[in-house]
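Below you'll find the structure, written out as structure tokens, and then a few comments.
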Amino acid sequence: MENPEQTQEISKSAKLETWLRALQVAQLLVINPHGLGGVILRARSGPVRDRWLAYLNTIAQLGGMRLPLRKMPLGISDENLIGGIDLDQTLRTGKAVLRQGLLAQCDQQLLLMPMAERVEVGAVAKVVSALDNGFIAIERDGQSRRIESHFGIVALDEGIEDDEQPNEKIRQRAAFLLNLDILGWRDLPETDDDFVPDAALLEDARENFSNVTISEDSLNALVGVAEQLGVISIRALNLAMNTAKCLAAFDREDEVSSMHLQRAIALVLSPRATRMPQSAPPEEEEIPSQSDEQPENEQDPIDQEPPPPPETSPEDQKQDEEQEDQEPETNTETPQALEDEILEAAQAAIPSDLLARLADLADLKSPKGMGGKTGAVKVGRMRGRPLGNMPGMPEGGKTLSIIDTLRAAVPWQRVRRAEMLAAGKTVPLGKIMIRKEDFRIKRYQERTQTLTMFIVDASGSSAMHRLAEAKGAVELLLAECYIRRDQVAVMSFRGSTAELILAPTRSLVKAKRALSGLPGGGGTPLSRAIDESFEVANASMRKGLTPALVFLTDGRANIAKDGSPGRPKAMEDAQQSARSASFYSFKSLWIDTSPQARDEGKAMAALLGSMYLPLPNAGANEVSQAIMQGLKRA
């Protein structure tokens, strides 16, 4: 039986090895930030991540970086990212002045990207273009300029779920994928002072890594190992080769050795592996079976003497000796042996749960945000109904309000002319002097995207009376939502569960298909329907949607939250769920689908804060019209 203390010791050593590997990644990034692309660091905010960033900052300053880490804000505008016209200086000097953006300022530095999993696609495209080209092209208002910039990225992956990851374009260009979430503060050594290299060593490596060579056998071995690991990206091979060169330069060697290849593959290719490597099977030799070749009375081969070696003629022996004399006595490794040696080291560096996580990620589907036109009102700066202006710079797609800008600048003209005269400058005649503080940008009233969620009672009591009318009403409402480009979702509850049979979508075909297969019968788990529907609505609100819930039920709960039958307990749980859900203040509508209006439904709607509509003996058209009017008034 395995000793628990020994297992814990192995776990601690593995975590320490992970931390030392992360420190080595920081050293490599300082040596060649642009050639290695950068690192994607999966770690939430905490002391472990802060300590690694502090170590990186220390190493970068030793390597000669003045401002090693330049932070990229999450919602950065295009002008601030790649540069543009400096309006303030342009107005002061009377000619167009271009200013550099953040990417141009990161030359030979590192770009820090917090919350990399949430960076917009447009910003990712600009960062990726600068990484690939090595320059930033500024083309604004008739002005054009190209600025050289060679930088690396430090993308902080702060996602909670496994499917929350940085953009794949960034992952392809970053050499290193580190995961520090598995480490705790107690897993780290007391100090990292022993792992800080000499400043002269770092500077020497930064200057000489491009002079390091790599043999053809090493390249063939690198390609063979990548094929065994299932890594088919040429970019990943280039990153691994650059890493091996940096490691060799750090060791002050002129050529990449087998050890450098092993470390480079463990750092770059092993975290990208899509399959476990398989060693080549040994050559099979035909061994005759005992039943066919060996008689029963024959002795065991172990007891027999070994057969004499085959006789060779003197002429053959002389030819063999001549061939041995002609062959060089060098003992070099063959490419296949080198590949097997590196493959063994790469296999040891593959995370144990990598393939399991890859299988789980393949089954995940990220929801697509789609919206309508009848959501809640919010104040924006891009489009919608005009709401006046506010001080600000016309960047990031914001619109400059020229009239309001002039109106703000006019009262200060006399003061500004006096300042220019006092400074001995020439005062321009007939011109309005505009400064940065005069700029005004337009504001608009926008509407957020809308999600209309139908919670349909498919229990036995509703299926007997109104399920057909409810399906028809929902189909009519779906057509109306499709015209308004709203998202819709359908949840049904029956038996002991509530099921989201249609996730938020704008597809009318999917919605009709989900409704057509909706079965009926069973109990009424109203409490679960309320809890799960408001949970889905709350999640959609966090994604920027405005949820509106429509309950189609008679309100007669008979299944409790724990799944046990019984109307008193079920109604008590439903009322408790309604009180809890009322704190969300979502727009909701309660359609009483019973043949005659009942007090249970009215009381439940009051607890939820929903608008109550009793519709006895009404068809699908009446129900749909009532819902539309109710949502407008709610």
Side-chain angles (χ1 to χ4, degrees), residues 11-34 36-76 81 102-103 105-106 108-119 123-124 127 151-162 164-167 170-171 173-199 202 206 243 246 250 266-268 271 351:
S11 177
K12 285 184 177 180
S13 62
K15 291 180 179 180
L16 179 59
E17 183 181 354
T18 301
W19 177 250
L20 295 180
R21 189 177 301 169
L23 298 185
Q24 188 176 46
V25 166
Q27 299 172 6
L28 293 171
L29 287 178
V30 173
I31 295 175
N32 187 10
H34 184 257
L36 300 179
V39 58
I40 294 182
L41 186 67
R42 186 169 182 85
R44 301 174 194 173
S45 179
V48 176
R49 191 183 76 177
D50 294 343
R51 180 166 168 177
W52 187 85
L53 291 175
Y55 179 84
L56 176 61
N57 188 71
T58 303
I59 297 298
Q61 291 179 357
L62 288 177
M65 293 186 181
R66 294 179 291 102
L67 297 173
L69 292 176
R70 290 181 176 269
K71 186 177 180 179
M72 173 181 164
L74 187 59
I76 189 172
L81 185 61
L102 178 62
L103 296 182
Q105 299 170 5
C106 287
Q108 301 302 326
Q109 311 292 330
L110 292 170
L111 178 67
L112 182 63
M113 300 175 60
M115 292 185 287
E117 74 281 359
R118 300 186 182 182
V119 177
V124 169
V127 173
F151 63 92
I153 59 174
V154 179
L156 302 182
D157 181 6
E158 303 178 23
I160 299 177
E161 302 296 336
D162 291 337
E164 295 179 346
Q165 295 184 354
N167 192 289
I170 297 179
R171 292 177 61 86
R173 287 159 177 82
F176 310 111
L177 307 177
L178 292 180
N179 184 8
L180 298 185
D181 276 341
I182 61 175
L183 301 180
W185 181 257
R186 297 181 179 179
D187 300 325
L188 308 183
E190 295 183 0
T191 178
D192 298 326
D193 296 339
D194 296 337
F195 308 105
V196 176
D198 185 61
L202 278 176
R206 281 171 63 90
T243 302
C246 291
F250 189 79
L267 290 172
V268 180

Completion exercise
dist Leu23:CG -> Leu28:CG (nearest 0.5 Å) comes out at 11.0 Å
Practice task
Kindly say whether Glu158 contributes a backbone atom to a donor-acceptor pair with the side chain of Glu117 at under 3.5 angstrom?
Solution key: yes
Practice task
Report yes if some heavy atom in the side chain of Thr58 is under 4.5 Å from a heavy atom in the side chain of Asp192; otherwise report no.
Solution key: no
Exercise for the section: Take Trp19 and Asp187 through the side chain to side chain contact (heavy atoms under 4.5 Å, CB included) test and state the conclusion after the steps. Expected result: CA-CA 9 Å; Trp19 177 250; Asp187 300 325; over 6 Å; no
Problem - Backbone of Arg44 reached by a side-chain donor or acceptor of Asp181 within 3.5 Å - result: yes
Problem - Interatomic distance, Leu180 atom CG to Arg49 atom CZ [nearest 0.5 angstrom] - result: 10.0 Å
Handout entry: Donor-acceptor under 3.5 Å (Arg70 side chain, Gln105 main chain)
Key = yes
Problem - 4.5 Å side-chain heavy-atom contact, Val119 and Met72 - result: yes
Completion exercise
For Pro166 and Arg171, the nearest pair of non-hydrogen atoms, with its separation, is O-CD, 3.7 Å
Completion exercise
Taken to the nearest 0.5 Å, the spacing of Ile76 CD1 from Met113 CE works out to 10.0 Å
Fill in the blank from the handout: Heavy-atom closest pair (Leu53 atom, Leu69 atom, distance to 0.1 Å) is O-CD1, 4.4 Å
Practice task
Go through the steps for Ile182 and Lys15 under the test side chain to side chain contact (heavy atoms under 4.5 Å, CB included), then give the verdict.
Solution key: CA-CA 8 Å; Ile182 61 175; Lys15 291 180 179 180; 5.5 Å; no
Practice task
For residues Ala266 and Pro271, report the shortest heavy-atom separation together with the two atoms involved.
Solution key: O-CD, 3.6 Å
Practice task
To the nearest 0.5 angstrom, please state how far the CD1 atom of Ile153 sits from the CG atom of Leu29.
Solution key: 10.0 Å
Exercise for the section: Measure the spacing between CD of Gln61 and CG of Leu56 and express it to the nearest 0.5 Å. Expected result: 10.0 Å
Problem - Student check: side-chain heavy atoms of Ile40 and Leu178 closer than 4.5 Å - result: no
Practice task
Determine yes or no for a side-chain-to-main-chain donor-acceptor pair under 3.5 angstrom, with Arg42 supplying the side chain and Leu177 the backbone.
Solution key: no
Handout entry: Which atom of Leu267 lies closest to which atom of Arg21, heavy atoms considered
Key = CD2-CG, 3.0 Å
Handout entry: Side-chain (Trp52) to main-chain (Ala22) donor-acceptor, under 3.5 angstrom
Key = yes
Practice task
Determine, stepwise, if the pair Ile170 / Val124 fulfils side chain to side chain contact (heavy atoms under 4.5 Å, CB included).
Solution key: CA-CA 7 Å; Ile170 297 179; Val124 169; 3.9 Å; yes
Problem - Rounded distance [0.5 Å steps], CZ in Phe151 versus CD in Gln108 - result: 11.0 Å
Practice task
Dump the intermediate steps for side chain to side chain contact (heavy atoms under 4.5 Å, CB included) on Val268 and Phe176, then the final yes or no.
Solution key: CA-CA 6 Å; Val268 180; Phe176 310 111; 3.9 Å; yes
Handout entry: Non-hydrogen atoms of Cys246 and Leu36 that approach each other most closely
Key = SG-CD1, 4.3 Å
Exercise for the section: Side-chain contact test, heavy atoms from C-beta onward, threshold under 4.5 Å: evaluate it for Leu74 versus Pro114 and give yes or no. Expected result: no
Fill in the blank from the handout: Between Gln27 and Ile59, the two heavy atoms sitting closest are CA-CG2, 4.2 Å
